[in-house]
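Each chain gets a letter, A, B and so on, in the order the sequences are listed, and its residues count up from 1.
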Amino acid sequence: MLKLWNTATRSLEEFKPIKKGKVGMYACGPTVYNPLTIGNLRTYIFEDVLHRALELLGYNVRHVMNVTDVGHLVGDGDMGEDKVEMAAAKAGKSAWDIAKMYEEMFVKDFTRVNIRVPSGKDRPHATDYIREQIDLVQTLEKKGFTYRTSDGIYFDTSKFAEYGKLSGQKLEEKEAGARVEVNEEKYHPADFALWKFSPEGEKRQMEWESPWGVGFPGWHVECSAMSEKLLGQPFDIHCGGVDHISVHHENEIAQSEAAFGKPLANYWLHGEFLLVDGKRMGKSEGNAYTLDDLIAKGFDPLAFRYYCLGTHYRSKLNFTWEGLEGAQNALHKLRSEARSLSVGTGTEIPSAFVEALEDDLNTPKALAAVWDTLKSGSTREEKGAMLTRMDTVLGLGLAELVGQPLDIPGDVKALAEERLIARQEKNWKRSDELREAIKSKGWIVEDTKDGYELTPEA
RNA sequence: GGCGUGGUAGCCAAGUGGUAAGGCAGGGGUCUGCAAAACCCCUAUGCGCGGGUUCGAUUCCCGCUCACGCCUCCA
């Protein structure tokens, strides 16, 4: 029985899909205006593991992730500039080119850490669903949830009685906060833009006609419009990062539920942050690392994935280089274990592994089950089969290594053979020379009980 | 001010009302020309602090403290 922690109820709940055997999940995707940080990546890895775990448990999963290529504003809430247009201006490129460039970058990063990237319709772009977003705003307008200011159409949060139910914060409590509100035309600080007008006399690169005037959709409305269009409402699981709980997801709920009069999603799952030096890592904090930074330091992207798997998704992960190194060492060990196994035909999965996943996606526990399996008394074939199955969830690239001894170049192999003979003749000088020769070709030779073992230099 | 999360060995990190998974690092041993690997063994009487409940708490309750996050764009 799969149990998941539902942010909406703040409790562990048994997962029951709307349609038997099927799961519809929606994940808030990147805003394509700068490179992904490893913090962003942690959340996407969590969603990918969720997707894979659901499949292992027998569900047919539809995983939709949007690409925000318009409408995400920087700075003071609804008053700032559009992130994509701003990045474009800075780079001297068009907004469309910027969006395309950063989308290609994140797809590359996803691929490098073995995240299966949603594609086609399952990766909708906000700019391709302008019609749906306008429709949604019109529905809200008809139902009386909107009002107009000089710069756009806004959602009136005071009209939605349940506003704040996800974060457990009432409107009045938010109001008491120390935030500075710069948009004095809004009725309430929590109100948010559904449609923004293009600035007077200014031509935006991304703008569309609408019943209210030329402009562009607000950030929150895209998710509501696209999830309804692609998954229906309600759908099963909505995920994202914890920082979205109190604003973005709250706003999505308000829009969607106000417009359609039914729940948006049944389960809300949120991935915790990755911290650096015990503090939040963020694009605006200036302490953000990218996957390329890790690679530049000689790390394998999958070592980062392993690192993430070692912490429960609802716990903060304090990123350190030492921790990443430990993860990489562990991954190397797993790889060499995998190579030493044989391809088996079994479809067994250790129950401890499955139970760990069913327990709110407890990947650290699942990883422990992997190690226990490797240390167990099962045969190489059984272990090979089990590791292969478990790797469909882990995504550590172990499955393809099972039963695949390293491909050793002939010349290296010949040197190793020659060294073996030298050793038998107790010609240690020659033996050491040959070890050096092998090393110069990028391989490490190690003696074993009945011969030697060659591994590529890290 | 409001809402929320967490403090477990050198590091990372699970977990439980009955005496602490796993990984990394470290130590000892076997082995070895050397080295490494491999294998075996060891490494928290202890789970932020103080109370309480209990036969018994790291696990439940209360208080405190520290750290972090959200409430303003950010996974």
In the strands shown, is [N] matched to any nucleotide by a Watson-Crick or G-U wobble pair with both distances under 3.5 Å, and which?
N: B:C64; answer: B:G48
N: B:C3; answer: B:G69
N: B:A13; answer: none

Could you work out, with side chain to side chain contact (heavy atoms under 4.5 Å, CB included) as the rule, every residue matching [X], not counting sequence neighbours?
X: A:E207; result: A:S198, A:K203, A:R204, A:V214
X: A:E425; result: A:I421
X: A:D243; result: A:F273, A:R280
X: A:A258; result: A:L140, A:F145, A:F155, A:F160

Give one of base, sugar-phosphate or nothing for [X], where a contact means two heavy atoms less than 4.0 Å apart.
X: A:L274; answer: base
X: A:G39; answer: base
X: A:Y44; answer: sugar-phosphate
X: A:H244; answer: sugar-phosphate

(message) Please compare A:I245 and A:H248 by the position of their nearest nucleotide in RNA chain B and report the one closer to 5'.
(response) A:I245

Residues of [range] with any non-hydrogen atom less than 4.0 angstrom from an atom of RNA chain B: list those, numerically ordered, please.
range: residues 1-11 of chain A; value: none
range: residues 370-392 of chain A; value: A:W371, A:D372, A:K375
range: residues 308-322 of chain A; value: A:G310, A:T311, A:H312, A:S315, A:K316, A:E322

(request) Please collect all salt bridge (Lys or Arg N to Asp or Glu O under 4.0 Å) contacts where either partner lies in residues 354-377 of chain A, sequence neighbours excluded, each pair once. (result) A:R314-A:D360, A:D359-A:K365

(message) Show every salt bridge (Lys or Arg N to Asp or Glu O under 4.0 Å) that has at least one partner inside residues 35-53 of chain A, sequence neighbours left out.
(response) A:D48-A:R52, A:D48-A:R305

(message) Roughly how many Å apart are B:C12 and B:G48, using the P atom of each and rounding to a whole number?
(response) 14 Å

(message) Measuring only the C1' atom in each nucleotide, how far is B:C3 from B:C41? A whole number of Å is fine.
(response) 50 Å

(request) Provide, to the nearest angstrom, the distance between the CZ atom belonging to A:R305 and the P atom belonging to B:A75. (result) 19 Å

(message) In this structure, how many angstroms lie between the P atom of B:C39 and the CD atom of A:E446, rounded?
(response) 13 Å

(request) Give the nucleotide from the list B:A21, B:C12, B:C71 with an atom nearest to the side chain of A:Y307. (result) B:C12

(message) Would you say A:K279 places a side-chain N or O within less than 4.0 Å of OP1 or OP2 belonging to B:C68?
(response) yes

(message) Quick one, A:H249 and A:L264 - any side-chain contact, counting heavy atoms below 4.5 Å?
(response) no

(request) Using the test side-chain hydrogen bond (donor to acceptor under 3.5 Å, both in side chains), find all partners of A:E453 that sit at least two apart in sequence or belong to another chain. (result) none

(message) Going by salt bridge (charged side-chain N to carboxylate O under 4.0 Å, His left out), name the residues that satisfy it together with A:D97, two or more places apart in sequence or in a different chain.
(response) none

(request) Please determine if A:K108 and A:E104 form a salt bridge, counting it only when a charged side-chain N lies under 4.0 Å from a carboxylate O. (result) no

(request) Using atom types as modelled and distance alone, determine if a side-chain donor or acceptor of A:D191 lies under 3.5 Å from a backbone N or O of A:T157. (result) yes

So which protein nitrogen or oxygen atoms get under 3.5 Å of nucleotides 28-33 of chain B's nitrogens or oxygens?
residue : atom : partner : partner atom : Å
B:G33   : O6   : A:R419  : NH2          : 3.4
B:G33   : O6   : A:S431  : OG           : 2.9
B:G33   : N1   : A:D432  : OD1          : 2.9
B:G33   : N2   : A:D432  : OD1          : 3.4
B:G33   : N2   : A:D432  : OD2          : 2.7

